[in-house]
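Beneath this line is the structure, given in structure tokens, with notes to follow.
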Amino acid sequence: MNEGDSEMKHVKQAPEAIVQTKRTFSIIWVVPIIALLIGGTLAFKAMSEKGPEIIITFETADGLVAGKTQIKFKDVEVGKVTQIELSEDQSGVVVTAEMTPNAKSYLTDKTDFWVVRAKIVAGEVYGLSTLLSGAYIGCNLSTEGQKTKDFNGLEKPPLVTVGMPGHHFVLQSKELGSLDRGSPVYYRGIKVGQVVDYDFNHERDGVDIKLFVGAPFHNKVYENSRFWNASGVDLTMDATGIKLDTQSLVSIMLGGVSFDLPKDQTPGAPAEEDKIFKLFKDRASIEEKTYTVKKFFMMYFDQNVRGLSAGAPVEMKGIRIGEVVDVKLEINKETQKVNIPVLIMGESGTGKSLIARAIHDFSDRRTLPFVVVGAGDLQG
């Protein structure tokens, strides 16, 4: 065997070399891993701290801005508007808002939402801060009621007198006049409450006005108390002179209600909550006697009755004994004679007896001792 063959054999018997690559961690991955951990932590925190989403329906989105308008309770932010869009029937707007987590237990059907804008009511300015910061949604949170996430927003703030010491009362009137929510309620010139709400009563064909009288003045409202409209200025002129009656500058501009007992009446039992009263037109009206028994009479005139209308008083020697109910015009087609029938109402007691005596004393029932005076009153 030669030397070359020996070397080849030695080469074939030599073991193969195994190459291993050493893996090392590159520092370049540190930054994305940290960023991923931070992002995941923030995302988890945001999801865990995210409050419930609610939907509020309003008639208009005036002053509301998605992503900016806040929802506040007692001037503390409890949510924010995230989206505003028209309702399906385009009758209003649908506001989507995200509430804070701690407000979750207060989202019931007893919770109210309304838009707070700058407003002047009864001489007081509300929502003045909204002139700079914009409107916000106010709320009255409540844990009572059923859980819900759909709300109908109020177009005016709810009653803020609920739970306050005092009583609510209801006044019935033919019309609202100059009264409004926030109009003051006076007792002998002192502001003791306010008008909190009003609504039209279709059954009675009139207005029901709800007001609140705070403690301790609610104890001054008795069963026989009378309320009258203190709005504007009451100017009367008679033989005793000129009388000017008003409560305050606020009542002149924005309306108001006063209450007291009629003269020479002793207080009755204290009025209960939601007691219904009649709203008289002025202070003088509360002194007029009311009767439950009435009798009607028809008078015929052939003279000018200019100024005579329903509600005009019927007086005998300066004493009121009734009032005019209706005035009409009748023409006899054959004779072309004009008659004016005037329906009057005689009150029970003195009024009834005096009118009945006037009718009885004259055989001609169509000629009575009553004339129409310049002010449109019937006097005899």
Side-chain angles (χ1 to χ4, degrees), residues 57-59 91-92 109-110 112 114 119 121-122 140 145 152-164 166-187 191-214 217-218 220-232 234 247 250-251 253-262 268-294 296 309-311 323-326 343 345 347:
T57 303
F58 290 104
E59 290 185 2
S91 61
D109 55 6
K110 299 295 184 181
D112 296 319
W114 65 91
K119 185 178 182 182
V121 177
N140 184 19
N152 290 321
L154 305 176
E155 296 306 314
K156 52 187 177 181
L159 302 180
V160 295
T161 55
V162 176
M164 296 178 61
H167 280 352
H168 293 87
F169 303 103
V170 178
L171 306 182
Q172 293 184 340
S173 176
K174 188 65 176 178
E175 58 185 18
L176 181 63
S178 60
L179 297 177
D180 197 359
R181 293 171 59 90
S183 294
V185 177
Y186 295 99
Y187 176 69
K191 181 180 178 181
V192 297
Q194 63 179 340
V195 175
V196 293
D197 201 5
Y198 58 85
D199 195 10
F200 188 81
N201 190 322
H202 293 275
E203 296 181 358
R204 193 178 55 82
D205 193 30
V207 180
D208 290 342
I209 304 169
K210 189 170 186 178
L211 53 84
F212 175 77
V213 178
F217 291 97
H218 70 287
K220 295 294 184 180
V221 182
Y222 306 103
E223 293 284 347
N224 56 335
S225 292
R226 294 188 179 179
F227 291 79
W228 69 90
N229 195 326
S231 306
D234 293 333
Q247 291 295 328
V250 172
S251 65
M253 298 176 60
L254 303 173
V257 174
S258 292
F259 70 92
D260 206 342
L261 289 172
E272 298 180 353
E273 176 80 6
D274 292 328
K275 167 72 176 178
I276 298 176
F277 293 90
K278 174 185 175 181
L279 179 63
F280 290 83
K281 62 179 181 179
D282 51 34
R283 185 183 182 91
S285 300
I286 73 169
E287 304 296 339
E288 297 177 357
K289 293 181 174 59
T290 57
Y291 301 90
T292 57
V293 179
K294 303 177 186 294
F296 294 88
S309 60
E323 68 177 41
V324 176
V325 178
D326 193 16
L343 180 65
M345 177 182 65
E347 300 168 344

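Applying the side-chain hydrogen bond (donor to acceptor under 3.5 Å, both in side chains) rule to H218 yields no partners; only residues at least two apart in sequence or on another chain are considered. Partners of D208 under the side-chain hydrogen bond (donor to acceptor under 3.5 Å, both in side chains) rule, at least two apart in sequence or in another chain, are N201, R204. With sequence neighbours excluded, no residue forms a ring pair (Phe, Tyr, Trp, His ring centres under 6.0 Å) with F217. With sequence neighbours excluded, the residues that form a side-chain hydrogen bond (donor to acceptor under 3.5 Å, both in side chains) with N224 are Q265. Here E223 pairs with K275 under the side-chain hydrogen bond (donor to acceptor under 3.5 Å, both in side chains) rule; sequence neighbours left out. With sequence neighbours left out, K174 forms a salt bridge (Lys or Arg N to Asp or Glu O under 4.0 Å) with D205.
Judged by the 6.0 Å and 45° rule, K278 forms a cation-pi pair with F280.
Atom CG of L179 and atom CG of L211 lie 9.5 Å apart (nearest 0.5 Å). In this structure, CG in D112 is found 10.5 Å from CG in N152, a value given to the nearest 0.5 Å. Rounding to the nearest 0.5 Å places CG of L343 at 10.5 Å from CD of E323. Taken from CG in D199 to CD1 in I209, the straight-line distance is 11.0 Å, to the nearest 0.5 Å. Separation of atoms OG (S225) and OH (Y187) is listed at 7.5 Å; rounding is to 0.5 Å.
When side chains are defined from C-beta on, D274 counts as touching H168, because their heavy atoms get closer than 4.5 Å. Taking the side chain as every heavy atom from C-beta outward, D260 and R283 approach each other to under 4.5 Å.
Crowding of E273 atom CD: a count of heavy atoms from other residues, nucleotides or ligands under 6.0 Å exceeding 12.
For the residue pair V185 and V195, the shortest heavy atom distance occurs at CG2-N, 4.1 Å. Closest of all the heavy-atom pairs between G145 and D109 is CA-OD1, 3.2 Å. Nearest approach of L154 to F58, heavy atoms of both residues: O-CE2, 4.0 Å.
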Step-by-step side-chain hydrogen bond (donor to acceptor under 3.5 Å, both in side chains) determination, S183 to D180:
CA-CA 5 Å; S183 294; D180 197 359; over 6 Å; no
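Here the side chain of R181 pairs a donor or acceptor atom with the backbone of V196 at under 3.5 angstrom.
Among F227, Y222, F277, the single residue meeting the ring-ring contact (aromatic ring centres under 6.0 Å, His included) criterion with F259 is F227.
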